[in-house]
2 protein chains.
Amino acid sequence: MLLPRRRTTENVSQARRRQDRTAVADTPRTSRTTGRRYGLRPTMKDVAARAGVGLKTVSRVVNGEPGVTPDTERRVRDAIAALGFRRNDSARILRKGRTASVGLVLEDLADPFYAPLSRAVEEVARAHGALLINGSSAEDREREQELVLALCARRVDGLVIIPAGDDHRYLEPEIEAGVATVFVDRPAARLEADAVLSDNFGGARAGVAHLIAHGHRRIGFIGDLPRIHTAAERLRGYRAAMAEAGLEVDASWVALGPTDPERVRADAERMLADRNSPSGPVTALLTGNNRVTVTVVRVPAVRERRAALVGFDDFELADLLTPPVTVIAQEPALLGRRAAELLFRRLEGAGDAPRRVELPTRLVPRGSGEVPPSS
Amino acid sequence: MLLPRRRTTENVSQARRRQDRTAVADTPRTSRTTGRRYGLRPTMKDVAARAGVGLKTVSRVVNGEPGVTPDTERRVRDAIAALGFRRNDSARILRKGRTASVGLVLEDLADPFYAPLSRAVEEVARAHGALLINGSSAEDREREQELVLALCARRVDGLVIIPAGDDHRYLEPEIEAGVATVFVDRPAARLEADAVLSDNFGGARAGVAHLIAHGHRRIGFIGDLPRIHTAAERLRGYRAAMAEAGLEVDASWVALGPTDPERVRADAERMLADRNSPSGPVTALLTGNNRVTVTVVRVPAVRERRAALVGFDDFELADLLTPPVTVIAQEPALLGRRAAELLFRRLEGAGDAPRRVELPTRLVPRGSGEVPPSS
DNA sequence: CTGAAAGCGCTAACAA
DNA sequence: TTGTTAGCGCTTTCAG
């Protein structure tokens with residue numbers, strides 16, 4: 001060993017010069033202002049050397065552990081400030097095993113429905129001193145799995161997942177290895193795991209019942225891809241309400257698919273004008289989520305109150321549109337908060353059976369859902 | 001050393017039993033399905049032992065390095081699958097020095113302006129194989145610093161920051177240590193650093209000039225907190241346009257403050273009805289960001305076209321309101337993309353002087369900004 | 001109150 | 001082609 005023993009005055013540069021002999025020459029840049037080398041970080045050892053104390057003493061000061069005299073502490077703090085030391089959490093994590101971070105996997109960071117959800121998760125994580133690492137699956141199963149496993153390799157303590165995939169058995173070894181996992185908005189597939197969901201079935205059923213109560217008999221449903229749990233549940237709610245009212249559902253009244261505006265608009269216009277349908281065009285629509293709704297509100301028949309509309313999910317400014325949009329409101333922030341709280345309860349050791357939490361939805365009548373059927 | 005030397009058949013449980021003698025009893029739970037212990041992860045050493053190969057061979061297989069016979073590789077892969085091994089990236093990061101992750105600090109994950117921005121950053125990060133760690137500052141300087149330093153302790157390779165603070169010198173040691181940093185939406189304060197901004201001054205000036213061109217002389221400005229760079233720049237643009245038209249600005253026409261709806265509504269209504277102002281109430285408003293705008297569109301005078309409105313920032317459904325809202329549009333996704341691209345260019349070694357990129361804004365006339373002044 | 005030594009799980013360098 | 005050794009920077013243990 002060439003390393004000096006203790007209480008030496010070896011500094012960062014000296015220490016690193018040693019290392020440089022073996023290190024890859026990683027574009028060595030130099031600070032224009034201080035002349036200090038870029039990319040070189042002082043370590044606790046450097047701080048210890050500079051302060052003339054042992055390594056462990058520095059560790060104690062950095063972590064606020066007791067048992068350090070004020071004078072020693074001051075010397076250490078001075079050295080830390082002089083060197084610009086910042087603890088390397090990678091090493092800490094490696095040693096401690098816990099990362100104090102949780103992963104969040106959702107479909108699209110920019111979807112206004114998920115924004116409050118992720119903010120809520122972040123708030124809870126922050127309250128527990130954890131960082132949030134997140135990524136979007138873009139509704140792609142492979143990308144979801146890739147992301148989740150990357151987060152597991154980072155050894156996040158826990159995961160909050162809005163699943164895109166339809167088989168989550170790949171998570172079994174991770175969960176067994178101790179990664180707490182909570183699914184939100186949609187349940188896990190082929191895996192027993194905690195889930196926090198909205199009452200999608202009941203919400204959709206209530207929305208359709210509302211339209212029926214306002215005289216509609218021919219009601220269309222435009223929803224998301226059928227493999228998405230929420231889309232399937234809402235369709236089920238739609239069918240249940242129709243059946244309960246003794247109404248048949250014409251196959252042309254149901255359109256599921258991607259939520260891109262062209263597809264949605266085409267389906268809405270077809271349903272509202274369909275002369276080929278045996279029973280004529282629909283007089284009302286239930287839209288399956290906020291992306292679908294904000295497209296359908298642009299359809300002339302809806303704007304001109306020739307067709308009724310109830311949208312799943314509330315959205316900003318819904319009450320200022322013409323007509324104001326009646327919605328089935330979820331509470332995305334609450335979904336996120338409950339999921340994150342459940343996650344941290346698991347991390348604190350709660351080991352009871354996987355739980356399924358279902359949050360109620362709320363019908364908010366604003367006008368578009370109370371438009372009477374046009375003959 | 002008690003450790004068996006090589007090609008032993010020691011397995012995870014045996015290895016961990018050793019460890020257990022010293023480990024903190026960390027709520028040892030047991031899987032209900034497999035009986036395997038929770039929280040214990042096989043390591044490369046375990047895999048090597050099981051496959052009957054050396055540690056480095058496992059490393060080669062896991063990292064796709066060449067120089068492993070297909071047969072050996074298969075044995076290693078079998079062992080990996082049997083053990084449910086997943087590489088521990090903490091250790092990898094510690095050794096390699098690079099984390100393949102970037103940090104994003106913004107004001108509020110749920111603000112619709114920042115959502116596309118963060119999505120864009122994520123897309124670019126993903127394209128470069130990096131994970132995104134993010135957090136919100138909630139417009140609080142201390143929380144920003146806390147977050148940024150936590151990310152630095154994690155040794156993120158780079159940072160994209162929407163700053164809330166007014167002094168970023170605390171970042172100097174980090175930047176010198178090699179953390180690439182790009183500010184977006186707002187520049188760094190007291191620090192030379194890359195920044196990607198919108199033309200806030202020019203945008204606001206164009207918006208006010210637009211109102212003046214439509215006959216308005218008494219124009220109010222409702223903006224965000226004056227310490228926020230964008231708010232200050234937009235106010236400056238407002239004043240410039242007024243001055244260029246030879247119009248005096250009454251002190252009561254400018255209101256800066258937090259964007260909570262109560263404050264904003266009160267200011268708007270005061271300005272639009274102010275009989276105390278020497279020159280009478282304003283006939284038009286420039287709102288300083290999307291949060292302010294969505295509150296002001298609810299004010300009766302605006303809805304009834306008794307006052308004109310131009311809003312800074314475009315927002316979803318702006319064109320469907322009554323009247324449709326004229327806006328000065330930024331491109332939040334482009335801001336994010338350019339910032340992230342600049343960041344990765346820095347990470348790839350671009351060492352030229354800090355750059356300041358300014359993106360143009362675009363006036364989108366839709367109706368509310370073309371309302372003539374009411375006498 | 002303080003510090004030396006061991007080792008977290010991985011990768012880099014160097015043998016064999 | 002494969003394996004051995006020496007750390008990465010920290011925390012833990014245990015001895016002063």
Side-chain angles (χ1 to χ4, degrees), chain A residues 1-7 12 15-16 18-19 21-24 26 40-49 51-73 75-76 85-99 153-155, chain B residues 1-3 5-7 12 15-16 18-19 21-24 26 40-49 51-73 75-76 83 85-99 153-155:
Chain A
M1 273 283 253
L2 294 170
L3 300 188
R5 274 302 167 197
R6 39 172 301 205
R7 306 211 179 205
V12 185
R16 296 325 165 91
R18 276 189 284 110
Q19 183 193 312
R21 282 183 286 125
T22 53
V24 177
D26 203 13
L40 300 184
R41 290 236 174 222
T43 70
M44 279 193 181
K45 198 159 101 186
D46 295 316
V47 175
V53 300
L55 183 58
K56 178 62 203 182
T57 302
V58 178
S59 174
R60 285 197 181 93
V61 171
V62 169
N63 295 301
E65 288 166 25
V68 182
T69 36
D71 179 58
T72 312
E73 171 163 355
R75 277 183 16 249
V76 171
F85 168 80
R86 189 98 47 212
R87 181 180 66 197
N88 184 333
D89 275 352
S90 297
R92 165 173 239 253
I93 287 166
L94 176 59
R95 191 61 240 243
K96 297 202 76 142
R98 288 238 150 167
T99 57
R154 287 293 172 100
R155 297 293 189 268
Chain B
M1 274 283 254
L2 295 170
L3 300 188
R5 273 300 166 199
R6 40 172 300 200
R7 306 208 179 206
V12 185
R16 293 328 163 91
R18 274 189 285 110
Q19 183 192 314
R21 282 183 286 124
T22 55
V24 177
D26 203 13
L40 299 183
R41 289 235 172 223
T43 70
M44 279 192 182
K45 198 158 102 188
D46 295 316
V47 175
V53 300
L55 182 58
K56 180 64 201 181
T57 301
V58 177
S59 174
R60 286 196 180 95
V61 171
V62 168
N63 296 300
E65 286 167 28
V68 181
T69 38
D71 179 60
T72 312
E73 172 163 353
R75 275 180 21 247
V76 171
L83 259 32
F85 168 79
R86 188 97 49 212
R87 179 180 67 197
N88 184 333
D89 275 353
S90 297
R92 165 172 239 253
I93 286 166
L94 177 58
R95 188 64 239 241
K96 298 203 75 144
R98 289 238 152 169
T99 56
R154 287 293 172 98
R155 296 294 189 266

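Residue numbering restarts at 1 for every chain, and letters A, B, ... go by the order of the sequence lines.
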Protein-nucleotide distance ([X], atom [atom1]; [N], atom [atom2]), rounded to Å:
| X | N | atom1 | atom2 | result |
| --- | --- | --- | --- | --- |
| K96(B) | dA13(C) | NZ | P | 10 Å |
| K45(A) | dC10(D) | NZ | P | 11 Å |
| E65(A) | dG3(C) | CD | P | 14 Å |
| R95(B) | dA6(D) | CZ | C1' | 8 Å |
| D89(B) | dC10(C) | CG | P | 9 Å |
| R98(B) | dC8(D) | CZ | P | 19 Å |
| M44(B) | dG9(C) | CE | P | 12 Å |
| I93(B) | dA12(C) | CD1 | P | 13 Å |

Indicate, with a heavy-atom threshold strictly under 4.0 Å, whether N63(B) touches base, sugar-phosphate, or nothing. sugar-phosphate
Phosphate OP1/OP2 of [N] contacted by [X] side-chain N/O (<4.0 Å):
| X | N | answer |
| --- | --- | --- |
| K56(A) | dT12(D) | no |
| T57(B) | dG3(D) | yes |
| S59(A) | dT12(D) | no |
| S90(B) | dC8(C) | no |

Closest to side chain of T43(A), choosing from dG9(D), dC10(C), dC1(C): dG9(D)
Per R92(B) side chain, nearest of listed nucleotides dC1(C), dT11(C), dG9(D): dT11(C)
L55(B) or L94(B), whichever maps to the more 5' nucleotide of DNA chain D: L55(B)
On DNA chain D, does the nearest nucleotide to R155(B) precede the nearest nucleotide to V68(B) from the 5' side, or the other way round? Give the residue. V68(B)
Without swapping roles, check the side chain of N88(A) against the backbone of S90(A) for a donor-acceptor pair under 3.5 Å. yes
Whether the side chain of R86(B) engages the backbone of A153(A) through a donor-acceptor N/O pair (distance < 3.5 Å, no angle test) should be reported. no
Close side-chain approach of R154(A) and I93(B), heavy atoms under 4.5 Å: yes
Taking N and O atoms by type only, does the side chain of R87(A) place a donor or acceptor under 3.5 Å from a partner on the base of dG9(D)? no
Is there a donor on the side chain of R60(A) or the base of dG3(C) sitting less than 3.5 Å from an acceptor on the other? yes
Can you see which heavy atom on V47(B) is nearest to which on V76(B), and at what distance? CG1-O, 4.1 Å
Pair T43(B), R41(B) - check side chain to side chain contact (heavy atoms under 4.5 Å, CB included), show working. CA-CA 6 Å; T43(B) 70; R41(B) 289 235 172 223; 6.0 Å; no
